[in-house]
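Scope of the values below: all heavy atoms of this structure, side chains included, with no hydrogens, waters or symmetry mates.
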Amino acid sequence: MKKTVFLGTLAAAGLTAGMAAATTLEDVVARGELNCGVNTGLVGFAAPDANGNWTGFDVAVCKAVAAAVLGDASKVKYVPTTGQTRFTALASGEIDVLARNTTWTFSRDTDLKLDFVGVNYYDGQGFMVRKDLGVTSAKELDGASVCIQTGTTTELNLADYFKANNMSYQPITVDSNAEGEQQYLAGACDAYTTDASGLAATRAAFADPENHVILPEIISKEPLGPAVRHGDNQWGDIVMWTLNALIAAEEYGVTSANVEELSKGTENPEINRLLGVEGELGAMIGLDKDFGKRAIMASGNYGEIFAATIGESTPIGLARGLNAQWTQGGLLYSPPFR
């Protein structure tokens, strides 16, 4: 009897180990849907419309990964996460990838055991105030009350900045951007601080954006990008090279309009490899040769996505700046597809 119980226990342990060994790719394919962690609602980056359809700069990453892996950019379940819940959602397996204006830092990469797979927006922390406050510089905020989201890099940055400039402040903590916007508009704080891109997105949603000023100081480096769980290298490679495909496509002039034509073959070997015309790059990460092509077709290349969601012609009105291609004076740069 003891032997039977022991063997049964071993079998159960083996079954459990087998279940635990399933890769993220296998889970996503079996489910037929990508679980993507996004913001609870930040216009331009990730927000649902009146019909519940999610759109935005970060949402485009989710769509590209779904297209690359599942062949369908619509096969995404969007999971809203706050600054406090996002990492738990990823670590627990509730989401497969976090695409939520999240800063890549040392401790998040190591202590939280996440893997950041690239940067899709180079940002920095700023401040927004009402124009009638008469403040033109962050260094005039001594003694101010400041709305700030908990569980974010902005908390430490704020403390460091005010300490370095020998100023005091009163933190008004909020759990989400929506709450921060509400508190700021209600006059609960003199200033709202978050990533400058987030401030631009928040201000664009105001009824009177012209009455609010984003101060000139940028007080930190905030490289924002998608993250996956540490330990599943294949899945990390898939998300990384999907993002790189969008960046490389812009550099080489591959767009949603011409990708079909270019996928018939070109004189540029890099484009041919990117689109699966040459080589077997997809097989190296467990996908087919057309994964890059499908990623680009989902929402366009990086430049198309930027222009459509947060660019200068949108209410968000962000210039490319550091997020221009390296050939245009920016930091955007994909490793070679070879």
Side-chain angles (χ1 to χ4, degrees), residues 38-60 80 82-83 100-103 120-141 144-149 152-154 157-158 161 169-220 222 224 303-324:
V38 292
N39 201 296
T40 52
L42 184 61
V43 176
F45 283 87
D49 63 19
N51 297 317
N53 298 313
W54 285 82
T55 60
F57 184 75
D58 287 331
V59 166
T82 69
R100 183 204 178 280
N101 54 306
T102 296
T103 303
N120 70 332
Y121 193 92
Y122 291 93
D123 210 346
Q125 184 174 336
F127 297 88
M128 179 168 62
V129 298
R130 286 174 291 280
K131 185 178 289 187
D132 60 16
L133 194 64
V135 170
T136 59
S137 167
K139 293 182 178 178
E140 298 171 23
L141 292 175
S145 55
V146 183
C147 282
I148 184 167
Q149 290 184 57
T152 64
T153 56
T154 52
N157 293 339
L158 181 65
Y161 181 76
Y169 69 99
Q170 178 188 353
I172 307 296
T173 58
V174 296
D175 287 330
S176 66
N177 187 70
E179 185 184 352
E181 177 183 329
Q182 182 182 39
Q183 292 285 69
Y184 169 76
L185 290 176
C189 50
D190 300 312
Y192 184 32
T193 187
T194 188
D195 298 339
S197 64
L199 292 177
T202 300
R203 182 175 65 173
F206 290 170
D208 60 340
E210 69 281 358
N211 292 327
H212 303 267
V213 178
I214 297 175
L215 300 177
E217 288 84 1
I218 297 296
I219 68 169
S220 69
E222 306 293 332
L224 311 179
E304 290 178 279
I305 293 166
F306 192 105
T309 56
I310 57 176
E312 291 182 284
S313 64
T314 71
I316 315 302
L318 293 172
R320 288 293 292 268
L322 294 177
N323 297 291

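Partners of Ser137 according to the side chain to side chain contact (heavy atoms under 4.5 Å, CB included) rule, which considers only residues two or more places apart in sequence or in another chain, are Lys139, Glu140, Glu217. Residues forming a ring pair (Phe, Tyr, Trp, His ring centres under 6.0 Å) with Tyr122 (at least two apart in sequence, or on another chain): none. With sequence neighbours left out, the side chain to side chain contact (heavy atoms under 4.5 Å, CB included) criterion links Ala200 to Ile214, Ile316, Leu318. A search for side-chain hydrogen bond (donor to acceptor under 3.5 Å, both in side chains) contacts involving Glu304 returns Ser256, not counting sequence neighbours. Under the side-chain hydrogen bond (donor to acceptor under 3.5 Å, both in side chains) criterion, Asn323 pairs with no residue at all, not counting sequence neighbours. In this structure, Thr173 has no side-chain hydrogen bond (donor to acceptor under 3.5 Å, both in side chains) partners at least two apart in sequence or on a different chain. Qualifying side-chain hydrogen bond (donor to acceptor under 3.5 Å, both in side chains) partners for Ser176, counting only residues two or more places apart in sequence or in other chains: none. Under the rule for a side chain to side chain contact (heavy atoms under 4.5 Å, CB included), the partners of Glu210 that lie at least two apart in sequence or sit in another chain are Asp208.
Side-chain N or O atoms of Asn211 include none that pairs as donor or acceptor with a backbone N or O of Lys131 at under 3.5 Å.
Taking CG of Leu224 as the start and OG1 of Thr153 as the end, the distance is 8.0 Å to the nearest 0.5 Å. We find the CG-CG distance between Leu199 and Leu215 to be 9.0 Å, quoted to the nearest 0.5 Å. Here the straight-line distance linking atom CZ of Arg100 with atom CG of Leu42 works out to 8.5 Å at 0.5 Å rounding. In this structure, Ile172 CD1 and Cys147 SG are separated by 6.0 Å, a value rounded to the nearest 0.5 Å.
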Please set out all donor-acceptor pairs under 3.5 angstrom arising from side-chain atoms of residues 305-312, sequence neighbours excluded.
residue: Thr309; atom: OG1; partner: Ile305; partner atom: O; Å: 2.7

Return all side-chain donor-acceptor pairs below 3.5 angstrom for residues 180-189, not counting sequence neighbours, or 'none' if the list is empty.
residue: Tyr184; atom: OH; partner: Val129; partner atom: O; Å: 3.3
residue: Tyr184; atom: OH; partner: Arg130; partner atom: N; Å: 3.0
residue: Tyr184; atom: OH; partner: His212; partner atom: ND1; Å: 2.9

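In terms of heavy atoms, Asp190 sits closest to Ala144 at OD2-CA, 3.4 Å.
Among residue pairs with one or both ends in residues 192-202, those qualifying as side-chain hydrogen bond (donor to acceptor under 3.5 Å, both in side chains) are Asp123-Ser197, Gln125-Thr193, Gln149-Tyr192, Asn177-Tyr192, Asn177-Thr202; sequence neighbours excluded. Listed by first then second residue, pairs satisfying side-chain hydrogen bond (donor to acceptor under 3.5 Å, both in side chains) with a partner in residues 46-59 read Asp58-Asn120, not counting sequence neighbours.
Looking at heavy atoms from C-beta onward, Leu141 lies out of side-chain contact with Val146 at the 4.5 angstrom threshold.
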